[in-house]
Amino acid sequence: MLVEIETAWSLSGYLLVCFSAGYFIHDTVDIVISKQTRASWEYLVHHVMAMGAFFSGIFWKSFVGGGVLTLLVEVSNIFLTLRMMMKINNAQDLLLYRVNKYVNLVMYFLFRLAPQVYLTKFFLQYAGQRTLGTFLLVILLMLDLMILIYFSRLLRSDFCPERVPRRQHKDKFLTE
C-alpha cells in the first residue's frame with residue numbers, strides 16, 4: 001500500500017478507512033450537537049477534509065492505500081493526548097512531561113510529517129493528470145498547512161515557552 005497508493009486495495013484497509021470516516025462523521029456531529037463549533041472550528045475543518053479524502057477510497061475504491069497511510073498520524077495522538085492531560089493537570093514540571101515532549105517531537109516527525117511529505121510528493125507527481133488525484137492533492141496541501149501550524153505551536157509551547165503569548169484561552173491546548 002505504500003508503493004501503490006492509488007490502486008492498492010485490501011479488505012482490512014478498506015474497512016479501516018470506512019471505520020475512520022465513520023469516526024470523523026461521529027466526531028463532527030458531536031462537536032456540532034454539543035455547541036463546540038466555535039472553540040473547535042479547526043477540528044471541523046480537518047474532519048471535513050479527512051472525510052472528503054476517505055470517501056474517495058470508500059466510494060471509488062481508489063487511494064485506499066493513501067487513506068491507510070494518512071491514519072499513521074493517529075499514532076502520534078497518543079503522545080499529544082498524554083501531553084494535553086498533563087497540561088490540564090498542571091503537571092508540566094514532571095519528568096514524564098519532559099520525556100514526553102521529546103518523544104512527542106519524534107512521533108510528530110515519524111507519524112505526521114514524514115507520511116504527509118511522502119503523500120504530498122506522490123500526489124504532486126500526478127497533479128493535473130487525474131481529477132480525483134488533484135482533488136486529493138488540494139485536501140492534502142491544506143492538511144499539510146494545518147499540520148505545520150500545529151507543529152509550530154507545539155514547538156513554541158514546549159521548547160520556547162517564553163515566546164508563547166500570555167493571553168490565551170485555557171481550553172485551547174492546540175495553542176499551548
Side-chain angles (χ1 to χ4, degrees), residues 1-34 36-81 83-84 104-157 172-175:
M1 286 199 165
L2 289 176
V3 179
E4 298 296 329
I5 291 172
E6 180 182 7
T7 57
W9 192 93
S10 71
L11 181 60
S12 60
Y14 181 76
L15 292 174
L16 180 63
V17 169
C18 289
F19 180 81
S20 299
Y23 161 77
F24 281 110
I25 292 168
H26 175 272
D27 202 40
T28 300
V29 170
D30 182 53
I31 290 170
V32 172
I33 288 175
S34 64
Q36 295 296 314
T37 53
R38 188 169 219 173
S40 303
W41 69 269
E42 292 168 323
Y43 291 121
L44 289 175
V45 170
H46 172 266
H47 286 14
V48 168
M49 289 188 295
M51 285 185 285
F54 287 146
F55 288 157
S56 70
I58 294 169
F59 297 120
W60 291 284
K61 293 188 178 177
S62 61
F63 297 107
V64 172
V68 170
L69 185 58
T70 61
L71 290 170
L72 284 175
V73 303
E74 301 306 322
V75 173
S76 70
N77 282 350
I78 297 164
F79 303 97
L80 286 169
T81 302
R83 174 187 177 273
M84 182 178 66
N104 203 359
L105 194 63
V106 171
M107 293 298 136
Y108 209 95
F109 272 112
L110 290 177
F111 293 103
R112 284 187 186 261
L113 295 175
Q116 286 295 118
V117 168
Y118 182 76
L119 283 170
T120 302
K121 180 182 174 278
F122 175 84
F123 280 102
L124 282 172
Q125 292 174 349
Y126 299 104
Q129 294 180 12
R130 297 180 180 108
T131 308
L132 184 57
T134 304
F135 168 72
L136 293 173
L137 175 62
V138 170
I139 289 174
L140 189 61
L141 290 173
M142 289 189 292
L143 287 172
D144 288 349
L145 181 63
M146 289 180 81
I147 284 176
L148 290 173
I149 290 169
Y150 293 158
F151 186 62
S152 71
R153 290 176 182 174
L154 181 69
L155 286 176
R156 277 195 321 256
S157 175
K172 286 288 268 196
F173 288 97
L174 286 175
T175 59

Just list the side-chain donor-acceptor pairs under 3.5 Å for residues 16-30, sequence neighbours left out, or say none.
| residue | atom | partner | partner atom | Å |
| --- | --- | --- | --- | --- |
| S20 | OG | L16 | O | 2.8 |
| D27 | OD2 | H47 | NE2 | 2.6 |
| T28 | OG1 | F24 | O | 2.7 |

Quick one: side chains of residues 113-120, donor-acceptor pairs under 3.5 Å with protein atoms, not counting sequence neighbours, listed by atom name and distance.
| residue | atom | partner | partner atom | Å |
| --- | --- | --- | --- | --- |
| Q116 | NE2 | D144 | OD1 | 2.5 |
| Y118 | OH | L2 | O | 2.4 |
| T120 | OG1 | Q116 | O | 2.7 |
| T120 | OG1 | D144 | OD1 | 3.4 |
| T120 | OG1 | D144 | OD2 | 2.6 |

Validation: residues 56-71 side-chain donor-acceptor distances under 3.5 Å, sequence neighbours left out:
| residue | atom | partner | partner atom | Å |
| --- | --- | --- | --- | --- |
| S56 | OG | A53 | O | 2.6 |
| T70 | OG1 | G67 | O | 2.7 |

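Within the 3.5 Å criterion, the main-chain N or O of L154 finds no donor-acceptor partner in the side chain of S157. In this structure a side-chain-to-backbone donor-acceptor pair under 3.5 Å is missing from S40 to Y43.
Between V73 and F111 there is no side-chain heavy-atom pair separated by less than 4.5 Å. Within the 4.5 Å cutoff, the side chain of R112 has heavy atoms near those of the L80 side chain. With contacts defined as side-chain heavy-atom distances shorter than 4.5 Å, the pair M49/V45 qualifies. At least one side-chain heavy atom of E74 sits less than 4.5 Å from a side-chain heavy atom of N77.
Applying the side chain to side chain contact (heavy atoms under 4.5 Å, CB included) criterion to L155, with sequence neighbours excluded, gives L105, F151, F159. Every residue two or more places apart in sequence or in another chain that forms a side chain to side chain contact (heavy atoms under 4.5 Å, CB included) with L145 is listed here: I149. Listed by chain and number, the residues in a side chain to side chain donor-acceptor pair (under 3.5 Å) with T7 are E4 (sequence neighbours excluded).
Taken from CZ in R83 to CD1 in I78, the straight-line distance is 16.0 Å, to the nearest 0.5 Å. Summarising the geometry, atom CG belonging to L141 is positioned 13.5 Å from atom CE belonging to M146; distances are rounded to the nearest 0.5 Å. In this structure, L44 CG and R38 CZ are separated by 13.5 Å, a value rounded to the nearest 0.5 Å. With rounding to the nearest 0.5 Å, the separation of CD1 in I147 from OH in Y108 is 5.5 Å. In this structure, the separation between CZ on F135 and CG on L140 is 11.5 Å, given to the nearest 0.5 Å.
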